[in-house]
Amino acid sequence: MTALTGTGRLIRLILRRDRWLLLLWMLWLVMIAASFSSTYQDQYPTAADREEYARTSGTNPTFLALYGPLQDSGVGGIISQRLGAVPIFIGLVSVLTVIRHTRTEEQAGRRELLSAGVCGRHAALAAAMSVTMLANLVVGLLIGATLSKDFPGSGSLILGLGFAAVGCAFAAVGALAAQVTENAGTARGIALGSLGAFLLIRLAADAGGEDSGLNWLNWLSPLGWRTELSAFAEDRWWVLLLFVVFTAAVSAVAVAVSARRDVGAGLLAPPLGPAEAAPSLRGPLGLAWRLHRTLLIGWAGAFVILGAVFGGLAEGVGDLLKDNKNLQEVFARIGGQQGLVDSYIASMMSLVGLIAAGYGVQAVLRLRREEESSRGEYLLASGADRIQWVASHLVFALIGPAIALALAGVSAGLVHGANVSDTGGQLPAILGAAMIQLPAVWTLSALTLALFGLLPRLTATVGWGALALCFVLGQFGQALQFDQSVLDVSPFTHIPRVPGADVPAAPLLWLLTIAALLTAAGLARTRRRDVSA
């Protein structure tokens with residue numbers, strides 16, 4: 001028996017388990033590309049229209065931060081830029097898929113059962129990597145084939161392969177993270193932290209435009225390499241070699257670590273705890289703090305950095321109005337330069353709110369992991385009240401995002417306020433723009449809790465799926481010309497775009513009411529159902 005014995009059967013098992021989930025996200029990405037092709041050909045039919053886009057939206061710091069640079073003023077170049085958020089989603093899905101079929105299986109004990117049969121040491125890792133990379137390659141080729149109907153085949157193919165290459169790179173990152181720790185949640189945190197760090201590098205490289213002098217940072221990030229492919233412009237095929245080398249190197253390290261550790265263990269062994277529990281662990285809330293504190297501290301630090309980056313970019317947004325009379329006329333109606341800066345801050349804080357919702361969903365999902373590992377059952381057998389146990393984790397799903405948003409708002413406000421010498425005026429405004437995202441964030445946390453009570457087996461799938469849907473509607477909904485009724489499905493659609501806009505109380509109160517009802521439903525059902533149902 002070799003180290004890869006049984007890989008084929010495990011691949012079939014993964015495809016059997018994830019067939020609908022894989023098919024869903026693969027078809028969605030291809031449909032996004034096809035819709036963008038049709039939409040932007042209709043919106044920018046003439047060279048004059050495309051040149052106007054290049055002078056305005058194509059150089060907008062918000063667009064540059066979210067999507068990357070506009071490297072060609074043709075429709076293909078516009079599509080390549082506006083699809084710039086897709087690699088983040090592909091990287092996220094790739095990371096979660098690999099960890100789900102490696103570390104999560106080990107933590108649940110299923111990997112050990114498989115290893116007891118005819119299954120090689122690296123079979124599970126090879127199967128997870130093979131399925132994820134194959135899915136990414138298929139998506140990339142389908143996107144290239146879809147776009148090649150209307151645009152040059154070379155640019156279409158390199159754009160699609162760029163997306164696939166990003167997915168493969170982060171699949172390798174997920175594989176390595178799964179070897180480092182024996183906890184699936186920690187592995188996800190490490191991998192997603194890496195994704196966030198690479199994203200921040202790309203943001204710093206692109207947000208200031210070509211004149212920032214920071215474009216070289218793109219060569220330090222796989223997300224930056226995707227933009228350096230320069231689809232529909234220079235078509236730099238050789239950049240794909242960077243992805244190949246990175247993916248092969250990280251995968252080799254993951255295999256090497258896997259060969260040297262025990263099944264169920266990680267490269268980093270958890271430290272031994274004290275002989276006696278601290279007094280703070282006598283109640284469910286103290287235990288929840290012990291379980292959530294590392295995650296909360298990590299997210300808090302990331303939000304401080306994220307806020308500082310976005311705040312540092314805000315000062316240069318007003319430069320768009322220089323020497324551009326068309327933009328001056330447009331933004332004169334919304335407050336001139338300050339109106340443009342406010343629009344940028346509102347967009348960035350909406351994105352920060354989506355990220356904070358990810359923390360809220362993850363915090364609630366800790367309940368499900370505690371159930372699946374039987375630790376929740378042991379706790380309840382000690383006489384702890386079930387509602388208190390659930391509420392102790394819910395505290396961190398509600399307060400955690402509030403802390404993260406507050407830190408991002410303060411960080412952005414301090415940096416931007418210092419840049420424009422108006423800290424006293426900018427800090428409250430930007431902090432308010434961050435904190436107003438809370439009703440939408442809490443709605444997603446409450447939805448996940450309701451799923452935990454009503455449909456526990458689908459909690460993770462539907463919880464993350466709801467967050468992904470909000471991301472799609474927020475980032476691509478208007479570009480795809482979705483009906484307003486569809487956009488309204490996302491709670492973030494109802495958040496006022498402050499600063500610079502009125503703050504009606506009705507939508508915020510409705511969101512809070514919905515969150516309260518979902519929370520009540522989740523708590524009521526959790527009280528009645530069996531543990532680990």
* May I have all residue pairs that pass side chain to side chain donor-acceptor pair (under 3.5 Å) and include part of residues 391-414, sequence neighbours excluded? => H292-H393
Applying salt bridge (Lys or Arg N to Asp or Glu O under 4.0 Å), can you list everything that pairs with [X], at least two apart in sequence or on another chain?
X    : value
R369 : none
R366 : E370
R293 : none

Quick one, [X] and [Y] - any side-chain contact, counting heavy atoms below 4.5 Å?
X    : Y    : result
I79  : F232 : no
T459 : T448 : yes
V173 : S94  : no
C470 : L444 : yes
V98  : F170 : no
L508 : I436 : yes
V166 : F243 : yes
D235 : L229 : no

How many angstroms lie between [atom1] in [X] and [atom2] in [Y], if you round to the nearest 0.5 Å?
X    : Y    : atom1 : atom2 : answer
L296 : W289 : CG    : CH2   : 6.0 Å
L523 : I387 : CG    : CD1   : 5.0 Å
F36  : Q43  : CZ    : CD    : 9.5 Å

side-chain contact (heavy atoms from CB on, under 4.5 Å) partners of [X], counting only residues at least two apart:
X    : value
A85  : Y67, F471, F476
L199 : I88, R202, L203, L223
L487 : L473, Q478, F482, Q484, T493
A391 : none

Strictly distance-based, threshold 3.5 Å: is any side-chain N or O of [X] a donor or acceptor partner for the main-chain N or O of [Y]?
X    : Y    : answer
W442 : L398 : yes
S350 : S347 : no
T227 : G224 : yes
T526 : G522 : yes
S38  : S35  : no
S194 : I190 : yes
Q81  : G77  : no
D422 : G425 : yes

* Structure fact -> Residue pairs meeting ring-ring contact (aromatic ring centres under 6.0 Å, His included), one or both in residues 446-470, sequence neighbours left out, come to none
* How about W510: does its CH2 atom have over 12 heavy atoms from other parts shown lying under 6.0 Å from it? -> no
* Asked: How about D42: does its CG atom have over 12 heavy atoms from other parts shown lying under 6.0 Å from it?
  -> yes
* **Under the side chain to side chain donor-acceptor pair (under 3.5 Å) test, residues paired with D483 that sit two or more places apart** => S485
* Structure fact -> Across all chains, not counting sequence neighbours, the side chain to side chain donor-acceptor pair (under 3.5 Å) partners of T46 are D49
* Go through the steps to decide whether S221 and R226 satisfy the test side chain to side chain donor-acceptor pair (under 3.5 Å), and finish with yes or no. => CA-CA 9 Å; S221 167; R226 204 283 307 178; over 6 Å; no
* Any chance you could lay out the side chain to side chain contact (heavy atoms under 4.5 Å, CB included) test for I495 and L511, step after step, and finish with the verdict? => CA-CA 9 Å; I495 298 297; L511 288 175; 3.8 Å; yes
* ring pair (Phe, Tyr, Trp, His ring centres under 6.0 Å) partners of F89, counting only residues at least two apart -> W28
